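Report on the structure given below.
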Number of protein chains: 2
Amino acid sequence: MSRPSTPAAKASVGGPPGRRYHHGNLRQALLEATVQLIETQGLDQVSVRAVAKMVGVSPGAPFRHFPTRTALLTAVAEQAMDRLREEIDKALAAAAGENALMRYRALGIGFFTWAFGNPVHFQVISTRAVIDFEGSSLRARNDEIRAVMADMMRDAQAAGLLRRGDPVRYAVAGRALGYGLARMYIDGQFPSWDVEDLNPLQEVIGIFDQFIASIAA
Amino acid sequence: MSRPSTPAAKASVGGPPGRRYHHGNLRQALLEATVQLIETQGLDQVSVRAVAKMVGVSPGAPFRHFPTRTALLTAVAEQAMDRLREEIDKALAAAAGENALMRYRALGIGFFTWAFGNPVHFQVISTRAVIDFEGSSLRARNDEIRAVMADMMRDAQAAGLLRRGDPVRYAVAGRALGYGLARMYIDGQFPSWDVEDLNPLQEVIGIFDQFIASIAA
DNA sequence: ACCTGAACACCGTTCAAGT
DNA sequence: ACCTGAACACCGTTCAAGT
């Protein structure tokens, strides 16, 4: 469904098993195989052994690069966070000249673009049971984005762009709305809502825009 | 953290192993032990074997009542749905005389009350990877609630209670907001937001109320 | 330095055998 | 009818041994 994780798939993922002594870049190959496995079999079907077999190494080999299964999936989540950050930075750069509320909107659209374009990554990063969110870089990087969102809403209020009400509450609401919408989409809940499924990303942006409009002064 | 799942815990859950031939009500005892295990050890630590041991039966015994581990957790989710429905019905009964928008608000508060009062149940029902949502009663019962929400918003619009915009979009937004907020709370994201943690339930209702106010005419 | 392959303690699930 | 307990094919993880 979603595009592969990197521009070029590593040799051994699809190629002949080749059982070389040194793999070359086992770490990255494992990450890619993990994403591929989730795409095809689902997150719960990901076993370290299956990933190892897919890459053509022995069951114990991955443990030289990732101490636990959780660490492997956490590394996938960290790559996901890299891409989310890229998408957000791109969106914010494009909206540099606009007001605080429109920059908040741009950030939100960056998030949706990322989530819908990388559903597996979104799924992994939002499945806390399977990654180490607190013990990795994820918590801090997540908090950074949160802080940016809160600042934007405070700026928007200072600029008189918001109707009355606590701006941080609006920021939290926007975050929860975005998270909830992405999750509903990934979980396949959209068809049952009367949501026109022309383009789910467009539809979600429409709902988000309606939210933005409703909190604007 | 959360209260036990039923008024009275079954005998064998805490009592002496007693290894009786007939358990009496193994099915229900398994469900309760599962919830308890999730509370103490986390969802990922739930194994059928651990649940069996907790209840004092052999590893194979649960499979007479639940064909798979997924079926066991799905049954927990179905009990969760029972309670959600009760909470919603109670809230709607209390708001019977009010207008459509206020009834939507009441439904939302019923949802929050349930989610915050039964965090384990919320977690199970919202962890799709671990239950059979589509192949159980969950899909239909979820759709029923969705339909009620959409109808309320349409009624609210017909009664001139909403600012302009697609009422179904508002309904979806409210649902996603509620889901996202509950999820953020369960995942422990509240502390990092400047959200005053007096009472998280109160805070969430405050955010939800701000949403309701922002879409009102 | 990096990987293999056997080993250990788990799991989910099945099923003949007991009561 | 309901449960036991052995069995099977998995898993995550470790570690001595190979290259």
Side-chain angles (χ1 to χ4, degrees), chain A residues 10-13 15-34 37-38 40-76 124 127 129-132 135, chain B residues 10-13 15-34 37-38 40-76 124 127 129-132 135:
Chain A
K10 273 303 171 209
S12 65
V13 169
R19 188 122 339 206
R20 295 182 294 319
Y21 171 57
H22 282 90
H23 184 280
N25 193 355
L26 182 53
R27 190 192 146 87
Q28 183 57 26
L30 290 168
L31 292 175
E32 287 165 22
T34 301
L37 241 178
I38 300 173
T40 56
Q41 316 274 2
L43 182 50
D44 44 325
Q45 290 301 321
V46 172
S47 70
V48 177
R49 293 176 104 103
V51 172
K53 185 185 288 188
M54 202 164 163
V55 173
V57 294
S58 74
F63 290 90
R64 182 153 297 270
H65 298 271
F66 304 101
T68 62
R69 184 188 116 111
T70 297
L72 171 62
L73 288 166
T74 302
V76 172
V124 172
T127 304
V130 102
I131 59 175
D132 184 8
Chain B
K10 273 304 171 209
S12 65
V13 169
R19 188 120 340 204
R20 296 179 296 320
Y21 171 56
H22 281 89
H23 183 280
N25 193 354
L26 182 54
R27 190 192 147 87
Q28 184 56 26
L30 291 168
L31 292 174
E32 287 164 24
T34 301
L37 241 178
I38 300 172
T40 56
Q41 315 274 2
L43 182 51
D44 45 324
Q45 290 301 322
V46 172
S47 70
V48 177
R49 292 177 105 104
V51 172
K53 185 185 287 187
M54 202 165 164
V55 173
V57 293
S58 73
F63 290 90
R64 182 153 298 271
H65 298 272
F66 304 100
T68 62
R69 184 189 116 112
T70 298
L72 171 62
L73 288 165
T74 301
V76 171
V124 172
T127 305
V130 102
I131 59 175
D132 184 8

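Quantities reported herein were computed from a predicted structural model and do not represent experimental measurements. In what follows, chains are A, B, ... by sequence order, proteins preceding strands, each numbered from 1.
Comparing C/dT4, D/dT4, C/dC2 by their closest approach to the side chain of A/R64 singles out C/dC2.
Distances shown here put every side-chain N or O of A/H65 at or beyond 4.0 Å from the OP1 or OP2 atom of C/dC2.
Distance CG (B/L30) to P (D/dC2): 13 Å, rounded to an integer number of Å. The nearest whole Å value for the distance from the CG atom in A/N25 to the P atom in C/dC2 is 11 Å. In this entry the distance linking CG of B/L26 with C1' of D/dT4 reads 13 Å, nearest Å.
Base pairing in DNA chain C gives the following stems of 3 or more Watson-Crick or G-U pairs, range against range and under 3.5 Å: C:4-8 with D:12-16, C:12-16 with D:4-8.
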Produce a footprint string for nucleotides 7-12 of chain D: one letter per nucleotide, 5' end first; B if the base is under 4.0 Å from any protein heavy atom, S if only the sugar-phosphate is, - if neither. B---BB
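A distance of 6.0 Å separates CG in B/L72 from CG in B/L31, rounded to the nearest 0.5 Å. In this structure, the separation between OG1 on A/T74 and CZ on A/R69 is 10.5 Å, given to the nearest 0.5 Å. For the atom pair CG (A/D44) and OG1 (B/T127), the distance works out to 11.5 Å, reported to the nearest 0.5 Å. Interatomic distance, A/E32 CD to A/L37 CG, rounded to the nearest 0.5 Å: 13.0 Å.
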All N/O donor-acceptor pairs, side-chain side in residues 45-55 of chain A, below 3.5 Å, sequence neighbours left out:
residue : atom : partner : partner atom : Å
A/S47   : OG   : A/A50   : N            : 3.0

Could you go through residues 61-68 of chain A and list every donor-acceptor pair under 3.5 Å that involves a side-chain atom there, pairing it with any protein atom two or more places apart or in another chain?
residue : atom : partner : partner atom : Å
A/T68   : OG1  : A/T70   : N            : 3.4
A/T68   : OG1  : A/A71   : N            : 3.0

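Of the two residues contacting DNA chain D, namely B/A61 and A/T70, the nearest-nucleotide position lying further toward the 5' end is that of B/A61.
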Evaluation steps, side-chain contact (heavy atoms from CB on, under 4.5 Å), between A/V76 and A/I131: CA-CA 9 Å; A/V76 172; A/I131 59 175; over 6 Å; no
